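Presented below is the structure to which this report refers.
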Amino acid sequence: MNRIKELRKARSLRQADVARETCIDQKTLSNYEIGRTNPDAYAIVQLSEFFGVTSDYLLGVSDFNFKNTAAIVSKIEEMEAQLAAIKKILLSEKDK
């Protein structure tokens, strides 16, 4: 599971650190990271809670790792601002 490794490395954690905090055996965690095995429901819940991401993000179902509504609203506002900037550029080019 590449997302587990990505999340762990982004936080500068060792597998042993994650294993200790999630009560998931380090060898099992290693197997998830290299794709040898897939996490069960317990592991998915433990890992998503530990990393503060949704299970969908952890499993690769979604590319958005928003755990709360405020983060989603913030991302939408950021996207709206980007779209407004693009629209402004396109309209200014149209007038040329």
Side-chain angles (χ1 to χ4, degrees):
M1 249 207 121
N2 290 335
R3 291 252 166 105
I4 296 170
K5 186 174 185 177
E6 289 170 12
L7 290 165
R8 179 177 61 77
K9 291 215 176 252
R11 290 161 177 78
S12 300
L13 297 170
R14 299 170 302 142
Q15 286 179 348
D17 301 325
V18 177
R20 183 180 56 256
E21 294 297 320
T22 60
C23 298
I24 298 171
D25 182 73
Q26 183 178 349
K27 181 68 175 165
T28 302
L29 188 61
S30 174
N31 285 334
Y32 296 160
E33 288 189 5
I34 62 174
R36 185 172 290 145
T37 59
N38 292 318
D40 59 13
Y42 172 82
I44 292 167
V45 170
Q46 292 301 107
L47 291 166
S48 66
E49 288 295 318
F50 176 73
F51 287 118
V53 298
T54 63
S55 56
D56 282 353
Y57 179 79
L58 190 67
L59 294 169
V61 174
S62 171
D63 287 331
F64 298 105
N65 62 353
F66 303 121
K67 191 69 174 177
N68 61 48
T69 306
I72 295 170
V73 170
S74 176
K75 187 63 175 178
I76 290 171
E77 290 170 347
E78 178 185 321
M79 293 170 138
E80 287 174 337
Q82 291 172 341
L83 287 171
I86 292 168
K87 184 177 179 181
K88 185 177 179 180
I89 291 168
L90 291 174
L91 290 176
S92 70
E93 288 178 2
K94 182 180 175 185
D95 293 337
K96 291 181 181 179

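If you're wondering where the values come from, they're calculated on a predicted model, not measured in any experiment. Hydrogens, waters and symmetry mates are skipped; everything else that's a heavy atom, side chains included, is used.
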> Any salt bridge (Lys or Arg N to Asp or Glu O under 4.0 Å) pairs touching residues 78-91, not counting sequence neighbours?
Replying inline: Lys75-Glu78
> Distance-only, no hydrogens or angles: does the Thr28 side chain make a donor-acceptor pair with backbone N or O of Ile24 under 3.5 Å?
Replying inline: no
> Any link between Val61 and Val45 through a network of hydrophobic side chains (Ile, Leu, Val, Met, Phe, Trp, Tyr) touching at under 4.5 Å?
Replying inline: no
> What are the two closest heavy atoms between Thr22 and Tyr42, and how far apart are they?
Replying inline: O-OH, 3.7 Å
>> To the nearest 0.5 Å, what is the distance between CG on Leu58 and CD on Gln46?
In response: 11.5 Å
>> Under a 3.5 Å distance rule, please check whether Arg3 uses its side chain to pair with a backbone N or O of Tyr57 as donor and acceptor.
In response: yes
>> With a 4.5 Å cut-off on side-chain heavy atoms, are Lys27 and Arg36 touching?
In response: yes
> How does the hydrophobic cluster around Leu90 look, that is, which other residues are in it when side-chain heavy atoms under 4.5 Å mark a link?
Replying inline: Ile86
> Is the backbone N or O of Phe51 less than 3.5 Å from a side-chain atom of Arg11, with the two atoms forming a donor-acceptor pair by type?
Replying inline: yes
>> Taking side-chain contact (heavy atoms from CB on, under 4.5 Å) as the definition, give me every residue that meets it alongside Gln26, ordered by chain and number, with sequence neighbours left out.
In response: Gln15, Ala16, Ala19
>> Return the CG to CD1 distance between Asn38 and Ile44, rounded to the nearest 0.5 Å.
In response: 8.0 Å
> Heavy atoms, side chains only, cut-off 4.5 Å: are Leu29 and Leu47 in contact?
Replying inline: yes
> Taking C-beta and beyond as the side chain, do Leu13 and Leu7 meet within less than 4.5 Å on heavy atoms?
Replying inline: no
> Do you know which two heavy atoms are closest between Ser55 and Ser48, and how far apart they sit?
Replying inline: N-CB, 4.0 Å
